[in-house]
Amino acid sequence: VIVPVNSDVCSVAQSSVENGQEIKFDLTKNGVYTLTIGDSTTNQVLTRERFNGQIGINKKKIYTKSLSVKYLYLLLEDESKNKIGKTTIIVK
């Protein structure tokens, strides 16, 4: 399943992404958020990015070309480390 362009990536359990694809997620408040991408098999963190999120739809590009992993997890947390969403990503 490829995530529809207008869809919150965390609203589905699993999705397929291509290198450079834009993902979207819906936030309920402004603040600092952390987006973590990790290996679903080993639970090893591959990348972690902090960003200032705004209320509503936020967009990030996901780059997978340099990753040798096929199954990833994407975890979105707020400043207090509360989980906002988590989903599985399959790299195409």
Side-chain angles (χ1 to χ4, degrees):
V1 176
I2 293 179
V3 180
V5 189
N6 303 346
S7 179
D8 182 341
V9 70
C10 293
S11 68
V12 292
Q14 181 176 298
S15 51
S16 297
V17 296
E18 296 174 340
N19 184 53
Q21 181 173 332
E22 190 173 76
I23 57 170
K24 297 182 181 185
F25 36 90
D26 199 359
L27 300 176
T28 57
K29 60 183 179 180
N30 294 335
V32 177
Y33 291 85
T34 304
L35 186 63
T36 303
I37 297 175
D39 183 330
S40 284
T41 309
T42 65
N43 275 337
Q44 182 179 0
V45 172
L46 302 173
T47 67
R48 182 172 280 142
E49 179 186 354
R50 290 174 65 90
F51 65 96
N52 290 316
Q54 305 296 319
I55 292 175
I57 298 293
N58 289 255
K59 302 172 187 175
K60 289 280 174 196
K61 283 197 184 266
I62 185 166
Y63 297 98
T64 57
K65 196 173 188 176
S66 63
L67 304 176
S68 59
V69 182
K70 184 166 175 66
Y71 296 97
L72 303 171
Y73 69 84
L74 186 146
L75 174 63
L76 180 63
E77 295 173 309
D78 68 13
E79 213 167 358
S80 305
K81 299 269 187 216
N82 296 315
K83 183 170 83 170
I84 306 299
K86 185 172 183 179
T87 188
T88 301
I89 294 173
I90 301 169
V91 179
K92 290 176 74 177

Seminar exercise, completed: Here the pair of heavy atoms bringing Ser16 nearest to Lys92 is CB-CD, 3.6 Å
Problem set entry | Tyr73 vs Thr36, side-chain contact (heavy atoms from CB on, under 4.5 Å): CA-CA, chis, key distance, verdict | CA-CA 8 Å; Tyr73 69 84; Thr36 303; 4.3 Å; yes
Exercise. Quick one: does Asn19's side chain have a donor or acceptor within less than 3.5 Å of a partner on Thr64's backbone?
Worked result: yes
Seminar exercise, completed: Rounded to the nearest 0.5 Å, the CG atom of Leu76 sits from the SG atom of Cys10 at a distance of 5.5 Å
For this session: Ignoring hydrogens and angles, tell me if any N or O in the side chain of Asp8 forms a donor-acceptor pair with the backbone of Asp26 under 3.5 Å.
Result: yes
Exercise. Would Ile55 and Leu27 count as a side-chain contact (heavy atoms from CB on, under 4.5 Å) if you check the C-alpha gap in whole Å, the side-chain angles of each, and the deciding distance to 0.1 Å?
Worked result: CA-CA 5 Å; Ile55 292 175; Leu27 300 176; 6.0 Å; no
Exercise. Does any N or O in the side chain of Ser40 come within less than 3.5 Å of the main-chain N or O of Leu72, such that one atom is a donor and the other an acceptor?
Worked result: yes
Problem set entry | side-chain contact (heavy atoms from CB on, under 4.5 Å) between Leu46 and Val69, intermediate numbers included | CA-CA 10 Å; Leu46 302 173; Val69 182; 4.2 Å; yes
For this session: Heavy atoms only: give me the nearest Lys83-Glu77 pair and the separation to one decimal.
Result: CA-CG, 4.3 Å
Seminar exercise, completed: dist Thr47:OG1 -> Leu67:CG (nearest 0.5 Å) comes out at 7.5 Å
Problem set entry | Gap separating the CG atom of Leu75 from the NZ atom of Lys81, nearest 0.5 angstrom | 9.0 Å
Exercise. Around Glu49, counting heavy atoms of other residues, nucleotides and ligands shown, do more than 12 lie under 6.0 Å from its CD?
Worked result: yes
Problem set entry | Shortest non-hydrogen contact from Val12 toward Ser15 | CG2-CB, 4.2 Å
Exercise. What are the two closest non-hydrogen atoms of Tyr33 and Asn30, and how far apart are they?
Worked result: CE1-C, 4.4 Å
Problem set entry | Expected output: side-chain Thr87 to main-chain Leu74 donor-acceptor under 3.5 Å | no
For this session: May I ask you to decide if Asn82's main-chain N or O and Ser80's side chain share a donor-acceptor pair within less than 3.5 Å?
Result: no
Exercise. Looking at Phe51, does the NZ or CZ of Lys60 lie under 6.0 angstrom from its six-membered ring centre and within 45 degrees of the ring axis?
Worked result: yes
Problem set entry | Lys70: which of Asp39, Ile90, Thr41, Ile89 passes side chain to side chain contact (heavy atoms under 4.5 Å, CB included) | Ile90
Exercise. Which atom names give the shortest non-hydrogen contact between Arg48 and Thr34, and what distance separates them?
Worked result: CG-CG2, 3.4 Å
